[in-house]
Amino acid sequence: MSQSKTIAPNSIEARDIAYQFHPSVDLRVYEEKGGLIIDRGEGIYVFDQSGKRYIEGLAGLWSVAVGFNEKRLADVAYAQMQKLPYYHSFNYKAHGPSVDLAEKLVQISPAHLTKVHFTSSGSEANDLVVKMIWYRSNALGLPEKKKIIGRVKGYHGVTIAAGSVTGIPANHGSFDLPLDRMIHTLTPDYPRDHLDGETEEQFSARMAEALEELILKEGPETIAAMFGEPVMGAGGVIVPPEGYWEAIQAVLRKYDILLVADEVICGFGRTGKMFACETFGITPDVMVTSKQISSSYMPLSAILMSDEFYNPIADESHRLGVFGHGYTASGHPVATAVGLENIKIIEERDLVGNAARLEGQFLAGLKALESHPMALWSRGLGLIGALELKGTEKVGQMGQAAQACLLEEGLIVRAIGDAICLCPPMIITAEQVDEMMAAMKRALDALAETDLARSVLEEA
């Protein structure tokens, strides 16, 4: 394998290149250049092998609510490891941590969600929800009601079913996805896609009309459910316009189509409410959570569902004699113990309130950057946001260049297309928000001095 001359033989960087197959990269580029090795974390910061400090502006992968060195989570994990390091939930067995966390989730979630099933990732959870939906349709005697609606740019994971509901071409290419039961409706990206003079409410009505047209074209009797992130994360932090979720839910109710709210990124305070369903008035049949449920200290996800969703599935399992699904690590005692303690920390330290209180400062910081020559517009809510940059004909080229400049300035972000996306740990302070925005400004200044940016600015 080819290897950069700057990477010392037998270093951790070299061994990484030699032995590890990484996700979400150009593997041949990785073989040549390697990656950034993160060594430790402290609060909102992480440190690389050389000791350089970075603000982790994406909270890892949209997920570390309580920061990168929360001792309480380490202590709970250690204590649970000593008491019961592993047990399962198969064959009429249970254990305390998963029961305690399930009860807590029902207590803090929208009141109509009454039952919890645990898995280990958002992808696994969404994949299982698809299976549950199909199982439920069969239980109801509706064998044709199996199609699932996702949205263009929507992200629900990378397993076969979840990856098919996902509406991002990069997750489909050469994987033979999406499955033929999966269809996609429009992205509610008002800043990019609204018509001249179209208000947010009018745009939302047009999105709902497009959804209804798709349903009628496919046949309402064939469509079981729609998946949607309250705020679209991996699509580029796309915040729904005014009236969007109200209009979409009305269409789904009209045709008896289930709604699955994917709160994998939004849940546990990111939007300034415990769940984004509260922020946008969404009443889902199923709500999928992960990431901030344990601050990703342990792999964990939870599917919350209504009685109306659960009961036909339970009846069918009784008819068949079993619900024929399960994962070895579902409801893992260490993961669920850590998840419960993580939620206690979020509540005790009012991190949901912190997101709400800092929203104005955070969004104002992004708004101020709109005046930079490299910027177009900003968007966000709570503690999740994005700054759209002026790009080249090759979408994503400027975003990658900006991401490299930000790394030099000690800020880790996610470039999605030509948008710089931010989702910092929810423990962030007002002073650290300012620190993050100052790093953004320095990086944009550095970006503007590159040949790539100069060519774009000269054309403008």
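Position 1 is the first residue of the sequence; numbering continues from there.
Heavy atoms from other residues, nucleotides or ligands lying under 6.0 Å from NE2 of His318 number 12 at most. Counting heavy-atom neighbours within 6.0 Å of Lys83 NZ, excluding the residue itself, gives a total of 12 or less. The local environment of CD1 in Ile160 is sparse, with at most 12 non-hydrogen atoms from other residues, nucleotides or ligands closer than 6.0 Å. Around atom CD of Glu218, more than 12 heavy atoms belonging to other residues, nucleotides or ligands sit under 6.0 Å away. At most 12 heavy atoms of other shown residues, nucleotides or ligands fall within 6.0 angstrom of atom CD in Glu246. Heavy atoms from other residues, nucleotides or ligands lying under 6.0 Å from OH of Tyr310 number 12 at most. Heavy-atom neighbours of Phe175 CZ from other residues, nucleotides or ligands within 6.0 Å: at or below the threshold of 12. More than 12 heavy-atom neighbours from other residues, nucleotides or ligands sit within 6.0 angstrom of CG on Asp26.
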Practice task
List the steps and the verdict of side chain to side chain contact (heavy atoms under 4.5 Å, CB included) for Trp62 and Arg270.
Solution key: CA-CA 9 Å; Trp62 323 85; Arg270 180 57 58 184; over 6 Å; no
Problem - Tyr155 vs Met232, side chain to side chain contact (heavy atoms under 4.5 Å, CB included): CA-CA, chis, key distance, verdict - result: CA-CA 7 Å; Tyr155 184 82; Met232 299 172 78; over 6 Å; no
Handout entry: Evaluation steps, side chain to side chain contact (heavy atoms under 4.5 Å, CB included), between Met437 and Leu366
Key = CA-CA 7 Å; Met437 294 303 166; Leu366 288 174; 3.8 Å; yes
Exercise for the section: Evaluate the side chain to side chain contact (heavy atoms under 4.5 Å, CB included) criterion for residues Leu407 and Ile412: first the C-alpha distance (whole Å), next the side-chain angles of each, then the deciding distance (0.1 Å), finally the verdict. Expected result: CA-CA 6 Å; Leu407 205 61; Ile412 294 174; 3.7 Å; yes
Practice task
List the steps and the verdict of ring-ring contact (aromatic ring centres under 6.0 Å, His included) for His95 and Tyr87.
Solution key: CA-CA 7 Å; His95 53 75; Tyr87 211 71; 7.2 Å; no
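Taking both residues in full, the closest heavy atoms of Ala314 and Ser317 are given as O-OG, 2.7 Å, listed atom of the first, atom of the second, then distance. Taking all atoms of both residues into account, the shortest heavy-atom contact from Lys93 to His88 is CG-CE1, 3.6 Å. Looking at every heavy atom in both residues, Pro188 comes nearest to Ile238 through O-CG2, 3.5 Å. Taking all atoms of both residues into account, the shortest heavy-atom contact from Val76 to Val338 is CG1-N, 4.0 Å. In terms of heavy atoms, Leu387 sits closest to Ser378 at CD1-CB, 4.0 Å. Annotation for Ala276 and Pro230: closest pair CB-CB, 3.5 Å, computed over non-hydrogen atoms.
Within the 3.5 Å criterion, the main-chain N or O of Leu300 finds a donor-acceptor partner in the side chain of Ser290. With hydrogens and angles ignored, the 3.5 Å screen pairs no side-chain donor or acceptor of Glu70 with any backbone N or O of Ala74. In this structure, the side chain of Thr222 does not engage the main chain of Glu144 through any donor-acceptor pair within 3.5 Å. Without hydrogens or angle criteria, His156 side chain to Ser164 main chain gives no donor-acceptor distance under 3.5 Å. A donor-acceptor distance shorter than 3.5 angstrom exists from the side chain of Arg379 to the backbone of Gly236, with no hydrogens or angles considered. For the pair Ser330 (side chain) and Phe118 (backbone), a donor-acceptor distance under 3.5 Å is present. In terms of modelled atom types and a separation under 3.5 Å, the side chain of Lys145 and the main chain of Ile223 share a donor-acceptor contact. No donor-acceptor distance shorter than 3.5 angstrom exists from the side chain of Gln361 to the backbone of Val433, with no hydrogens or angles considered. Of the possible donor and acceptor atoms, none in the side chain of Asn171 sits under 3.5 Å from a partner among the backbone N and O of Val158. Judged purely by atom type and a 3.5 angstrom limit, Asp127 uses its side chain to pair as donor or acceptor with the backbone of Ala162.
Put simply, CE on Met274 and CD1 on Ile108 are 4.5 Å apart, with the number rounded to the nearest 0.5 Å. Note that SG of Cys277 and CH2 of Trp245 are 8.0 Å apart. Values are rounded to the nearest 0.5 Å. Atom CZ of residue Phe203 and atom CG of residue Asp189 lie 6.5 Å apart, to the nearest 0.5 angstrom. A distance of 12.5 Å separates CG of Asp285 from CE of Met226, quoted to the nearest 0.5 Å. Between the CG atom in Leu320 and the CG atom in Asn138 there is a gap of 9.5 Å [rounded to 0.5 Å]. For the atom pair CD1 of Ile427 and CD1 of Ile346, the computed distance is 11.0 Å after rounding to the nearest 0.5 Å.
A side-chain donor from one of His22 and Tyr30 sits under 3.5 Å from a side-chain acceptor of the other. Inspection of the Glu200 and Tyr244 side chains reveals no N or O donor paired with an N or O acceptor under 3.5 Å.
Side chains of Leu422 and Met440 form a contact here, defined as non-hydrogen atoms less than 4.5 Å apart. Looking at Leu258 and Val286, their side chains never come closer than 4.5 Å, going by heavy atoms from C-beta outward. At a threshold of 4.5 Å between non-hydrogen side-chain atoms, the residues Phe280 and Leu381 count as touching. Counting heavy atoms from C-beta outward, Val260 and Ile133 have side chains that approach closer than 4.5 Å. A 4.5 Å side-chain heavy-atom check between Tyr86 and Val334 finds every atom pair outside the cut-off. Residues Glu242 and Tyr190 fail the side-chain proximity criterion, which asks for heavy atoms closer than 4.5 Å. Side-chain contact between Val231 and Pro240: present, with at least one pair of heavy atoms (C-beta onward) separated by less than 4.5 Å. You'll find the side chain of Asn354 reaches within 4.5 Å of the side chain of Leu358, heavy atoms only.
Under the 30°/60° scheme for interplanar angles, the aromatic rings of His117 and Phe323 are found to stand perpendicular.
Every residue meeting the salt bridge (charged side-chain N to carboxylate O under 4.0 Å, His left out) condition with Glu42, not counting sequence neighbours, appears here in chain and number order: Arg40. Evaluation of the side-chain contact (heavy atoms from CB on, under 4.5 Å) rule for Glu221 yields no partner, not counting sequence neighbours.
Contact check on Glu229 versus Lys291 returns no salt bridge, with no Lys/Arg side-chain nitrogen under 4.0 Å from an Asp/Glu carboxylate oxygen. Salt bridge status for Lys344 with Glu347: absent, with no side-chain N to carboxylate O gap under 4.0 Å. With respect to the salt-bridge test (charged N to carboxylate O, under 4.0 angstrom), the residues Lys71 and Asp75 qualify. A salt bridge does not link Arg206 with Glu209: none of the charged nitrogens is closer than 4.0 Å to a carboxylate oxygen.
When each of Ile148, Val152, Thr166 is tested with His184 by the rule side-chain contact (heavy atoms from CB on, under 4.5 Å), just one qualifies, namely Val152.
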